[in-house]
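See structure below.
Just so you know, these numbers come straight off a predicted model, no measurement behind them.
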Amino acid sequence: MKKFAAVMLSCLLIAAVLSGCGASMKDGTYRAEYDAYSHGYKEFVELTVKDGKFTDVTFNAVSEAGELKTDDVEYQESMESVSGTYPAKFYPELAQKLEDTQDIDKVDKVAGATNSTVSFKTLVKTLLKENVKNGDSTTLVVESEAEG
């Protein structure tokens, strides 16, 4: 009986330690955006963390006028004809992949949207490193590579 109790106690301690692995992510809503516009838009990501898990992820881009890239039909038509995809399709796809996997390193590139996939991963990783682990909900501004 003592061995059983010891094994159960060990299992509970291991479970407590493992459940604490998500503790590096503080509950809250976090935002990261680039410092400059590219092709007329500035990409951003918003993450909501609850109990150490991503519960809501938003990825999009906004113009200086405050318009979302996913609403730009003209941009969508021009991009889809060249790459076969468009922001209103791949932005939510990337966000959903992060919610599903709970691991930015498991989010695969989207064909036709390689640059935006890299941007998404950069914004999320920087946000996780800088704000999420500290519970800092101020908008994180990330330096852009170059104007495009």
Side-chain angles (χ1 to χ4, degrees), residues 8 10-148:
M8 289 305 293
S10 294
C11 289
L12 286 173
L13 287 172
I14 290 170
V17 168
L18 292 176
S19 68
C21 290
S24 63
M25 294 199 316
K26 307 265 189 219
D27 287 358
T29 299
Y30 306 94
R31 180 184 173 103
E33 63 185 35
Y34 281 107
D35 64 346
Y37 292 88
S38 177
H39 303 285
Y41 290 93
K42 183 188 303 189
E43 287 183 315
F44 68 89
V45 66
E46 290 179 352
L47 305 173
T48 299
V49 176
K50 177 89 170 122
D51 298 327
K53 294 187 181 226
F54 300 115
T55 59
D56 189 37
V57 178
T58 300
F59 181 42
N60 211 322
V62 64
S63 70
E64 288 187 66
E67 297 164 341
L68 293 175
K69 196 173 194 178
T70 52
D71 295 335
D72 188 336
V73 176
E74 186 178 314
Y75 190 95
Q76 173 182 323
E77 290 171 353
S78 66
M79 186 174 177
E80 185 175 26
S81 66
V82 173
S83 65
T85 192
Y86 50 91
K89 181 178 179 184
F90 65 76
Y91 280 159
E93 181 181 335
L94 288 165
Q96 188 63 53
K97 284 181 181 180
L98 180 57
E99 282 186 53
D100 291 346
T101 64
Q102 296 290 309
D103 184 346
I104 191 62
D105 292 323
K106 292 183 180 175
V107 175
D108 296 326
K109 288 182 181 174
V110 173
T114 301
N115 291 338
S116 287
T117 302
V118 170
S119 290
F120 177 67
K121 292 181 112 177
T122 298
L123 288 170
V124 170
K125 285 180 179 184
T126 305
L127 196 55
L128 289 170
K129 181 180 173 185
E130 301 291 329
N131 289 45
V132 177
K133 76 175 186 175
N134 300 321
D136 182 356
S137 63
T138 58
T139 298
L140 179 65
V141 178
V142 177
E143 187 176 338
S144 301
E145 291 293 319
E147 174 65 29

Quiz item: What pairs of residues pass the side chain to side chain donor-acceptor pair (under 3.5 Å) test when at least one of them lies in residues 107-121, not counting sequence neighbours?
Solution: Glu43-Ser116, Glu43-Ser119
Quiz item: Applying the side chain to side chain contact (heavy atoms under 4.5 Å, CB included) test to Thr126, which of Val132, Val141, Val142 qualifies?
Solution: Val142
Quiz prompt | Check: Asp35 side chain, Ser144 main-chain N or O, donor-acceptor pair, under 3.5 Å | solution = yes
Quiz prompt | Distance (rounded to the nearest 0.5 Å) between Asp56 CG and Lys50 NZ | solution = 13.5 Å
Quiz item: Which pairs count as salt bridge (charged side-chain N to carboxylate O under 4.0 Å, His left out) when at least one residue sits in residues 123-132, sequence neighbours excluded?
Solution: Asp105-Lys125
Quiz prompt | Non-hydrogen atoms of Ala95 and Val57 that approach each other most closely | solution = CB-O, 3.4 Å
Quiz item: What residue pairs, at least two apart or across chains, pass ring pair (Phe, Tyr, Trp, His ring centres under 6.0 Å) with a residue in residues 86-132?
Solution: Phe59-Tyr91, Phe59-Phe120
Quiz item: With sequence neighbours excluded, what pairs up with Glu93 under the salt bridge (Lys or Arg N to Asp or Glu O under 4.0 Å) test?
Solution: Lys97
Practice problem: Report yes if some heavy atom in the side chain of Thr139 is under 4.5 Å from a heavy atom in the side chain of Phe44; otherwise report no. | Solution: no
Quiz item: Roughly how far, to the nearest 0.5 Å, is CE of Met25 from CG of Leu47?
Solution: 8.5 Å
Quiz prompt | Residues which pass side-chain hydrogen bond (donor to acceptor under 3.5 Å, both in side chains) with Thr101, listed by chain and number, not counting sequence neighbours | solution = none
Quiz item: From Tyr41 OH over to Glu67 CD, what is the distance, rounded to the nearest 0.5 angstrom?
Solution: 6.0 Å
Self-check item: Sequence-distant partners of Glu99, side-chain hydrogen bond (donor to acceptor under 3.5 Å, both in side chains), two or more places apart
Solution: none
Quiz item: Does any non-hydrogen side-chain atom of Thr122 lie less than 4.5 Å from one of Tyr34?
Solution: yes
Quiz item: With sequence neighbours excluded, what pairs up with Thr138 under the side chain to side chain contact (heavy atoms under 4.5 Å, CB included) test?
Solution: Asn131, Asp136
Practice problem: Evaluate side chain to side chain contact (heavy atoms under 4.5 Å, CB included) for Phe54 paired with Val49, printing each intermediate quantity in order. | Solution: CA-CA 5 Å; Phe54 300 115; Val49 176; 4.1 Å; yes
Quiz item: Where is the tightest heavy-atom contact between Pro87 and Pro92, given as atom of each residue plus distance?
Solution: O-CD, 3.5 Å
Quiz item: Looking at residues at least two apart in the chain, or sitting in another chain, which of them share a side-chain hydrogen bond (donor to acceptor under 3.5 Å, both in side chains) with Asp71?
Solution: none
Quiz item: With sequence neighbours excluded, what pairs up with Ser137 under the side chain to side chain contact (heavy atoms under 4.5 Å, CB included) test?
Solution: none
Report, one line per pair, each donor and acceptor closer than 3.5 Å where one atom sits in a side chain of residues 73-80; sequence neighbours left out.
{"from": "Tyr75", "atom 1": "OH", "to": "Lys69", "atom 2": "NZ", "distance (Å)": "3.3"}
{"from": "Ser78", "atom 1": "OG", "to": "Glu74", "atom 2": "O", "distance (Å)": "3.4"}
{"from": "Ser78", "atom 1": "OG", "to": "Tyr75", "atom 2": "O", "distance (Å)": "3.0"}

Practice problem: List for me each residue that meets side-chain hydrogen bond (donor to acceptor under 3.5 Å, both in side chains) alongside Thr70, sequence neighbours excluded, and say none if there are none. | Solution: Asn60
Self-check item: CG-CG distance between Leu128 and Leu123, expressed to the nearest 0.5 angstrom
Solution: 11.0 Å
Practice problem: Only counting residues at least two apart or in another chain, list the ones meeting side chain to side chain contact (heavy atoms under 4.5 Å, CB included) with Thr29. | Solution: Thr48
Quiz item: CD/Gln102 to NZ/Lys53 distance, rounded to the nearest 0.5 angstrom?
Solution: 6.0 Å
